[in-house]
Amino acid sequence: MIPLWFNQGNRWRAQQFCVVILVKPMGSIRGAKGKIMRPNHHQFEAFAYVVREGSFSAAAKRLGVTQSTITQHIANLERSVGTLLLLRGRDGVELTPTGQDFYGLADRMIALSAEVTERLEGFNAMKEGRLKIIGNAPQPALKIIARFQRRFPDIRVDFGLYDWTTAKSMIGNRLADVGLITDAPDHEHWEKIHIESARYMIYCRCDHPFAKRAKISLSELEQETVIVPEKGSLTRRLLDHTCARYDISLNRVATMTTFPLMCEAVLQGIGVALFLQNSSLIKSNLCEIDIEEMPEAQDTSLIATKDRARLKLVSEFINAAIE
């Protein structure tokens, strides 16, 4: 309440008035004619693809529009939300906390839109499209991709290798369509389909003193150079746990980033390698040896979020995996 003075019959009187201040809520902006402008599908689509592709230019290329269009959509969406969703940097984009909340919703919206479009078109094409596949080992992913592409040669498939921790996180954050992951956790929002089981093995050159052995103990490798994947991998996690359990110290460990590189290092005589059986088709001049302390088979599963698993592209990839 505020007092206002006014003149009445040459006498000044005070009256108390209540002042109401109207504030426009966040979540909408007004256009030129004063109409409320709410976020639209194109803005959410642009936002989702910037995150998935890693940059504004890549998202523009994926959607077949100009980069300025993507920039405008993101700016309008951020203006509607009332805060930044993305942080731009030299290495790409990074989600803000609010952006992380919105991304899951935006990606589910895109998946639902794709499903509706597929149903309206009667699943009749499979002549164009793109799948992003990730895995923590080359196999069995590459065998499934080859099988899928023989059926659908016009579909573009992007495949990336990541350590176990990163691959699991990418599926959880909806940054890939399908993952082929060893020892994948269960999740209420994921489809999880068992593909194969395999044990961890020691790989050495065929002229190595261990080559004729059927089984070996990790304790016998304490003076060997043991080649393993980088930190964050399932292999490192299980190896560290096993060594701690049996009080074994591996004194010389060499870290390699990819399975082909690990195999090449073995063939060059750098050391022996530890990884899952059948992880790579590079087998020439390599011998496999069972590990006494690691006899358990590890399951590799195909993982996809349930909404994406209903999409034609993803469902056909699943069919190729389980045939």
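What you see is a predicted model; the values in this text were computed from it and never measured.
From Ile248, atom CD1 reaches atom CG of Leu218 across 5.0 Å, with rounding to the nearest 0.5 Å. With values rounded to the nearest 0.5 angstrom, Glu45 atom CD is found 7.5 Å from Ile70 atom CD1.
Taking every heavy atom of both residues into account, Ile289 and Cys204 meet most closely at CD1-SG, 3.8 Å. Minimum heavy-atom separation, Gly269 to Arg205: N-NH1, 3.9 Å. In terms of heavy atoms, Ala265 sits closest to Ile227 at CB-CD1, 3.6 Å. Scanning all heavy atoms of the two residues, the minimum distance from Gln67 to Ser57 falls at OE1-CB, 3.4 Å. Minimum interatomic distance between Ser217 and Ser219 (heavy atoms only, all atoms of both residues): OG-OG, 2.8 Å.
Between Asp177 and Arg308 there is a salt bridge, since a side-chain N of the basic residue sits under 4.0 Å from a carboxylate O of the acidic one. Arg150 has no carboxylate O lying under 4.0 Å from a charged side-chain N of Glu316, or vice versa, which leaves the two without a salt bridge. Ionic pairing of Arg213 and Asp290 is not present here: no N-O contact between side-chain nitrogen and carboxylate oxygen is shorter than 4.0 angstrom.
The neighbour count for Lys306 NZ, taken as heavy atoms of other residues, nucleotides or ligands under 6.0 Å away, is above 12. Within 6.0 Å of the CG atom in Asp207, the count of heavy atoms belonging to other residues, nucleotides or ligands exceeds 12. Residue His41 places its NE2 atom among more than 12 non-hydrogen atoms of other residues, nucleotides or ligands, all under 6.0 Å distant. For Lys192, the NZ atom counts as densely surrounded, since its 6.0 Å shell holds more than 12 non-hydrogen atoms of other residues, nucleotides or ligands. Remark: Glu293 CD is packed, more than 12 non-hydrogen atoms of other residues, nucleotides or ligands lying under 6.0 Å away.
Residues Arg237 and His241 have side chains not in contact (no heavy-atom distance under 4.5 Å, counting atoms from C-beta outward). Inter-residue side-chain proximity for Phe56 and Arg88 is flagged as met; some heavy-atom pair is nearer than 4.5 Å. Here the side chains of Asn136 and Leu180 are not in contact, with every heavy-atom distance at 4.5 Å or above.
A donor-acceptor contact closer than 3.5 angstrom is absent between the side chains of Thr71 and Ser68. Under the 3.5 Å distance criterion, with hydrogens and angles disregarded, no donor-acceptor pair is assigned to the side chains of Thr98 and Asp101. At a cut-off of 3.5 Å, with distance as the only test, no side-chain donor of Ser233 or Thr235 sits close to an acceptor on the other residue. No side-chain donor-acceptor contact under 3.5 Å links Thr305 and Arg108.
Applying the under-4.5 Å side-chain rule to Ile, Leu, Val, Met, Phe, Trp and Tyr, the cluster around Leu105 consists of that residue alone.
When each of Val178, Asp307, Asn319 is checked for a side chain to side chain contact (heavy atoms under 4.5 Å, CB included) with Val314, only Val178 meets the rule.
When ring centroids are compared, Tyr200 and Phe275 stay outside the 6.0 Å threshold.
Under the ring pair (Phe, Tyr, Trp, His ring centres under 6.0 Å) criterion, His187 pairs with His189, Trp190, not counting sequence neighbours.
Taking the six-membered ring where the residue is Trp, Phe102 and Phe44 present parallel rings, their angle staying beneath 30° rather than reaching 60°.
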